[in-house]
Amino acid sequence: MEEHHYRTHLFFSAPRASTQYNDGSERCGPVIGGGIGLDPEPPQPLVTREPSVSLLRWEKPVTSERRRTEPVSLATLERDCFVIPAHALDRFLPDGVPLPVPPPTPEKGITTKSGQNSLSILEVADPKLCILAHLMSPLEPIEPILESPLAKPLIRQRTAAIELLSDVAHANTAVGGMLLANMEKNAEFPFISYYVINTTQTDPLLFYNNMRSASLSKFDPKTIRYSAAHTLDLYSEVAMICRPPFNDLAGGPKKSHTATTGFIISVYKVFEGDDGERFERNWLYWTGARMLYRHLPHSVGMRKIALHKSVAAHGDKMYLLVCECANLLDDLSGAAMLITALRARLCGYTGLYRPIQTF
């Protein structure tokens with residue numbers, strides 16, 4: 001794992017003129033807006049009878065308190081923002097979004113101001129996290145002829161997955177973890193285990209090897225008489241779209257969960273060498289993140305959309321798009337309509353998930 005000490009937060013204000021998806025509440029526009037610009041100029045009168053002021057323009061009102069144009073901390077931020085690690089900025093800053101102009105240096109005497117559409121930027125400490133995702137396919141009997149019609153392999157798989165998550169929680173080798181269950185019938189991945197690892201405390205490669213051995217032991221076909229495909233991979237969080245209020249970036253998943261929290265997860269896989277810079281700078285489009293951000297109903301309470309990329313040096317590359325919604329279980333119908341549109345692109349796999357076990 002490379003050493004990187006800063007994450008870059010790019011803040012943007014969404015245009016409020018569009019009301020196509022505004023149902024009376026405030027909505028966010030496309031992910032291309034600019035930061036807070038200059039105050040608008042006052043209107044120009046044709047005639048003024050006050051001889052002590054200019055005949056061409058009214059004086060701007062004097063305000064004692066200047067508007068704060070730069071974010072100070074995440075706690076005081078009230079705008080949506082990109083969160084992109086500094087080392088991934090060149091590859092995952094969305095194509096067409098300009099970087100803000102660096103501040104002028106006093107020794108050079110540069111007094112030019114950045115444009116109105118530039119973004120504000122804030123650097124915070126890198127939490128140094130790594131993600132391990134365990135994708136499980138449905139259990140299939142080794143001897144279908146001898147299988148009882150009363151057998152419930154899905155319940156058996158769920159029990160084993162919960163036991164595996166509990167073992168990791170007791171070992172205290174991960175910052176947090178959760179077991180996600182698909183809410184649809186005949187899903188390609190009925191269960192997904194998601195672990196957050198602090199790289200300063202746990203070696204990600206050692207954690208991966210231990211998880212692989214524990215999974216093979218827990219789901220041993222000779223013991224449970226069922227087989228399934230298990231895909232384990234390490235991921236780095238390369239880009240996020242976050243919405244305030246912001247939680248601790250280094251905290252576990254359990255800190256941000258409520259009784260109605262749900263997830264929209266998309267899985268993508270590309271051949272080795274196809275993960276080029278142009279491909280990754282357009283991640284908002286081919287992952288469906290732009291569609292989720294713009295068209296998800298406000299009632300689902302979208303919190304963040306995170307893109308994960310596998311850290312494997314060789315072989316095919318996998319991407320995970322994880323969209324966390326605070327009230328997804330309260331408005332499943334609104335999200336399900338958007339899921340249908342995402343699947344119509346015939347790109348990757350997308351499913352609706354809810355957490356059934358967290359730590």
Side-chain angles (χ1 to χ4, degrees), residues 1-2 4 7-8 31-32 82-97 129-138 180 182 184 187-197 199 204-205 207-209 211-212 215 228-241 263-295 304-324 338-353:
M1 302 294 296
E2 299 179 358
H4 304 287
R7 283 196 172 196
T8 302
V31 193
I32 57 174
F82 283 121
V83 181
I84 304 177
H87 70 279
L89 198 60
D90 294 337
R91 295 185 68 92
F92 290 95
L93 180 67
D95 197 14
V97 177
L129 300 179
C130 186
I131 308 298
L132 186 141
H134 179 191
L135 310 177
M136 310 175 204
S137 67
L180 302 174
N182 198 296
E184 300 173 274
E188 186 172 347
F189 301 111
F191 298 101
I192 296 179
S193 295
Y194 184 95
Y195 302 95
V196 181
I197 311 162
T199 58
L205 185 59
F207 184 86
Y208 168 82
N209 292 331
M211 277 299 305
R212 186 172 181 271
S215 300
H230 299 269
T231 304
L232 287 85
D233 212 342
L234 291 172
Y235 297 85
S236 61
E237 206 169 53
V238 292
M240 278 196 301
I241 302 174
F263 294 84
I264 302 173
I265 297 183
S266 299
V267 183
Y268 304 92
K269 187 175 183 180
V270 300
F271 294 114
E272 183 177 5
D274 287 346
D275 55 331
E277 179 178 350
R278 183 178 180 183
F279 173 75
E280 293 184 337
R281 283 183 68 94
N282 287 277
W283 66 273
L284 288 176
Y285 293 90
W286 58 262
T287 62
R290 183 175 183 270
M291 186 182 298
L292 287 171
Y293 178 79
R294 297 193 66 180
H295 303 312
K304 70 176 182 180
I305 302 174
L307 177 65
H308 304 73
K309 180 184 178 181
S310 61
V311 298
H314 304 287
D316 299 340
K317 297 294 186 297
M318 291 192 65
Y319 296 86
L320 290 181
L321 187 75
V322 180
C323 178
E324 179 181 349
L338 190 57
I339 294 298
T340 304
L342 289 172
R343 290 173 175 170
R345 304 176 309 150
L346 302 179
C347 177
Y349 167 81
T350 303
L352 290 167
Y353 289 84

Discussion item. Y194 vs H308, test: ring-ring contact (aromatic ring centres under 6.0 Å, His included). Steps then yes/no.
Written reply: CA-CA 12 Å; Y194 184 95; H308 304 73; 5.8 Å; yes
Practice prompt. Test side-chain contact (heavy atoms from CB on, under 4.5 Å) on F92 and F82 and set out the steps.
Written response: CA-CA 10 Å; F92 290 95; F82 283 121; over 6 Å; no
Discussion item. Does V267 form a side-chain contact (heavy atoms from CB on, under 4.5 Å) with L320? I'd like the steps, not just the answer.
Written reply: CA-CA 5 Å; V267 183; L320 290 181; 3.6 Å; yes
Worksheet item: Please walk me through it: do L321 and L292 pass side-chain contact (heavy atoms from CB on, under 4.5 Å)?
Response: CA-CA 11 Å; L321 187 75; L292 287 171; 4.0 Å; yes
Discussion item. Please determine whether side-chain contact (heavy atoms from CB on, under 4.5 Å) holds for the pair I305 and V322, giving the CA-CA distance in whole Å, both sets of side-chain angles, and the decisive distance to 0.1 Å.
Written reply: CA-CA 6 Å; I305 302 174; V322 180; over 6 Å; no
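Taking both residues in full, the closest heavy atoms of Y353 and P190 are given as CE2-O, 4.2 Å, listed atom of the first, atom of the second, then distance. The minimum heavy-atom distance linking T287 with S266 is given by the pair O-OG, 4.5 Å. In terms of heavy atoms, V238 sits closest to P85 at O-CD, 3.2 Å. Across all their heavy atoms, L342 and G288 have their closest contact at CD2-CA, 3.9 Å. Taking all atoms of both residues into account, the shortest heavy-atom contact from G276 to R91 is C-NH2, 3.2 Å. In terms of heavy atoms, E237 sits closest to K304 at OE2-NZ, 4.3 Å.
Aromatic rings of W283 and Y268 (six-membered ring for Trp) have centroids beyond the 6.0 Å cut-off, not under it.
Once rounded to the nearest 0.5 Å, the distance linking CE of M291 with SG of C323 reads 13.0 Å. To the nearest 0.5 Å, the span separating OG1 on T199 from CG on L129 amounts to 7.0 Å. Note that CZ of F189 and OG of S137 are 7.5 Å apart. Values are rounded to the nearest 0.5 Å. The OG1 atom of T231 sits 7.5 Å away from the NE2 atom of H134 when rounded to the nearest 0.5 Å. Note that the CG atom of N182 and the CG atom of L352 stand 7.0 Å from one another [nearest 0.5 Å]. Separating the CZ atom in F263 from the CD1 atom in I192 is a distance of 10.5 Å, to the nearest 0.5 Å.
Among residues two or more places apart in sequence or in another chain, the side-chain hydrogen bond (donor to acceptor under 3.5 Å, both in side chains) test is passed with R281 by none.
The side-chain heavy atoms of I264 and I339, taken from C-beta on, include a pair separated by under 4.5 Å. For the pair L234 and I197, the minimum side-chain heavy-atom distance is below 4.5 Å. At least one side-chain heavy atom of D275 sits under 4.5 Å from a side-chain heavy atom of Y319. Residues Y208 and L232 have side chains in contact (heavy-atom distance under 4.5 Å, counting atoms from C-beta outward). Side-chain contact between E272 and H314 is present, with at least one heavy-atom pair separated by less than 4.5 Å. Using a 4.5 Å heavy-atom threshold, the side chains of I131 and Y195 count as separate.
For the pair E188 and R343, the salt-bridge criterion is not met [side-chain N within less than 4.0 Å of a carboxylate O]. Between K309 and E280 a salt bridge is recorded (basic side-chain N to carboxylate O distance below 4.0 Å).
Taking a 6.0 Å sphere around CZ of R345, one finds it holds more than 12 heavy atoms contributed by other residues, nucleotides or ligands.
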